[in-house]
Amino acid sequence: VQLQASGGGLVQPGGSLRLSCVFSGRTFNSYVMAWFRQAPGKEREFVARISWNMGNYAESYADSVKGRFTISRDNAKNTVYLQMNSVKPEDTAVYFCAAKNSPTGVTSTTARWYQYWGQGTLVTVSS
């Protein structure tokens, strides 16, 4: 499995940004996809995850981004997105996409649960 993240950059506080992560190498549909982030000097933290099981999507978010960020996936394009709205300086971090095969729909918000990781894309929120 390979994950290629993109879309990071410099954005002003209150602005928006959309991250993308392209998945390749396996059948995408059974994989739980997630976004994590890591700010300088801090541990990697969960941002959002999305699963697709029996035709239904299920998402969850960290409290710090709930209501501002939206995770989505396009199974036809093997891509997961993170729409970031109303960004704050504390959202500055390297954002990583992650994946784990979960045919039964079991999910997790713990980084060590995920099997595969993308290379990260830097998001800087600053005026």
Side-chain angles (χ1 to χ4, degrees):
V1 171
Q2 291 188 327
L3 303 175
Q4 183 67 44
S6 62
L10 175 64
V11 59
Q12 293 186 342
S16 297
L17 204 62
R18 190 176 81 156
L19 307 183
S20 300
C21 177
V22 179
F23 173 104
S24 62
R26 290 288 189 274
T27 301
F28 181 62
N29 295 2
S30 66
Y31 278 74
V32 177
M33 302 298 298
W35 288 96
F36 287 78
R37 66 186 182 186
Q38 188 165 17
K42 294 188 176 182
E43 293 187 354
R44 192 168 297 189
E45 65 173 0
F46 169 76
V47 175
R49 65 101 177 120
I50 185 167
S51 61
W52 187 83
N53 184 255
M54 299 181 66
N56 296 310
Y57 293 97
E59 305 95 10
S60 70
Y61 298 90
D63 287 343
S64 58
V65 307
K66 200 171 295 182
R68 300 188 297 121
F69 292 8
T70 302
I71 189 171
S72 62
R73 62 191 292 162
D74 185 334
N75 287 345
K77 295 183 178 180
N78 288 2
T79 302
V80 63
Y81 304 97
L82 185 69
Q83 178 66 44
M84 306 169 61
N85 297 331
S86 303
V87 296
K88 304 175 181 179
E90 51 263 43
D91 294 322
T92 295
V94 176
Y95 284 71
F96 299 89
C97 58
K100 179 167 180 175
N101 189 28
S102 183
T104 60
V106 172
T107 66
S108 174
T109 61
T110 303
R112 62 178 180 269
W113 184 80
Y114 288 83
Q115 293 172 295
Y116 305 103
W117 291 84
Q119 83 286 6
T121 184
L122 176 63
V123 173
T124 303
V125 182
S126 175
S127 55

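Model, not experiment: these values are computed from the prediction. All values below were derived from every heavy atom in this structure, side-chain atoms included, with hydrogens, water molecules and symmetry-related copies excluded.
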Enquirer: Going by side chain to side chain contact (heavy atoms under 4.5 Å, CB included), name the residues that satisfy it together with Thr109, two or more places apart in sequence or in a different chain.
Expert: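 Partners of Thr109 under the side chain to side chain contact (heavy atoms under 4.5 Å, CB included) test: Phe46, Ser60.
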
Enquirer: For Arg18 and Tyr81, does a side-chain donor sit closer than 3.5 Å to a side-chain acceptor?
Expert: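 Their side chains do not contain a donor-acceptor pair, so the 3.5 Å distance test is not met.
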
Enquirer: Could I get the full list of ring-ring contact (aromatic ring centres under 6.0 Å, His included) partners for Phe96, not counting sequence neighbours?
Expert: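 If we apply the ring-ring contact (aromatic ring centres under 6.0 Å, His included) test to Phe96, skipping adjacent residues, there are no hits.
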
Enquirer: Same cluster or not: Met33 versus Val123, using hydrophobic residues (I, L, V, M, F, W, Y) connected whenever any side-chain heavy atoms lie under 4.5 Å apart?
Expert: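 Cluster IDs for Met33 and Val123 match.
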
Enquirer: Return yes when atom CD of Glu59 has more than 12 non-hydrogen atoms of other residues, nucleotides or ligands closer than 6.0 Å, and no otherwise.
Expert: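 Counting other residues, nucleotides and ligands, CD of Glu59 exceeds 12 neighbours.
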
Enquirer: Side chains of Thr79 and Asp74: donor-acceptor distance under 3.5 Å anywhere?
Expert: no

Enquirer: For the side chain of Thr92 and the backbone of Val125, is there at least one donor-acceptor N/O pair under 3.5 Å apart?
Expert: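 Yes, Thr92 side chain to Val125 backbone: donor-acceptor pair under 3.5 Å.
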
Enquirer: Residues in side-chain hydrogen bond (donor to acceptor under 3.5 Å, both in side chains) with Asn29, at least two apart?
Expert: none

Enquirer: Step through the shown structure and confirm whether more than 12 heavy atoms of other residues, nucleotides or ligands are within 6.0 Å of CD on Glu43.
Expert: no

Enquirer: With sequence neighbours left out, what residues match Arg49 under salt bridge (charged side-chain N to carboxylate O under 4.0 Å, His left out)?
Expert: none

Enquirer: Is there a path from Val80 to Tyr57 through hydrophobic residues (I, L, V, M, F, W, Y) whose side chains come within less than 4.5 Å of each other?
Expert: yes

Enquirer: Tyr61 side chain to Ile71 main-chain N or O, any donor-acceptor pair under 3.5 Å?
Expert: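 Indeed, once roles are kept as given, a pair shorter than 3.5 Å links the two residues.
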
Enquirer: State yes or no: do Trp35 and Tyr116 share one hydrophobic cluster built from I, L, V, M, F, W and Y residues joined by side-chain heavy-atom distances below 4.5 Å, directly or via other members?
Expert: yes

Enquirer: Find out if a path of hydrophobic residues (ILVMFWY) with successive side-chain heavy-atom gaps under 4.5 Å connects Leu3 to Trp52.
Expert: yes

Enquirer: Is the Trp117 to Phe36 ring centre distance short of 6.0 Å?
Expert: yes

Enquirer: Determine whether Val11 and Leu82 fall in the same hydrophobic cluster, where Ile, Leu, Val, Met, Phe, Trp and Tyr are linked whenever their side-chain heavy atoms lie under 4.5 Å apart.
Expert: yes

Enquirer: Give a yes or no on whether the backbone of Gly8 and the side-chain of Thr121 come within a donor-acceptor separation of less than 3.5 Å.
Expert: yes

Enquirer: Please check this pair: side chain of Arg68 against backbone of Ser86, looking for a donor-acceptor N/O pair closer than 3.5 Å.
Expert: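 Answer holds: yes.
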
Enquirer: How long is the straight-line distance from OH of Tyr114 back to SG of Cys97, given to the nearest 0.5 Å?
Expert: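 Result: 11.5 Å between the selected atoms.
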
Enquirer: Under the side-chain hydrogen bond (donor to acceptor under 3.5 Å, both in side chains) rule, collect the residues that match up with Asn56, sequence neighbours excluded.
Expert: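 So Asn56 forms no side-chain hydrogen bond (donor to acceptor under 3.5 Å, both in side chains) with any residue.
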
Enquirer: Can you tell me if Gln2 uses its side chain to pair, donor with acceptor, with the backbone of Gly25 under 3.5 Å?
Expert: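 Not confirmed, Gln2 side chain does not pair with Gly25 backbone.
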
Enquirer: Who passes ring-ring contact (aromatic ring centres under 6.0 Å, His included) against Tyr31, sequence neighbours left out?
Expert: Phe23

Enquirer: Using a strict 4.0 Å threshold on nitrogen-to-oxygen distance, state whether Asp91 and Lys88 make a salt bridge.
Expert: no

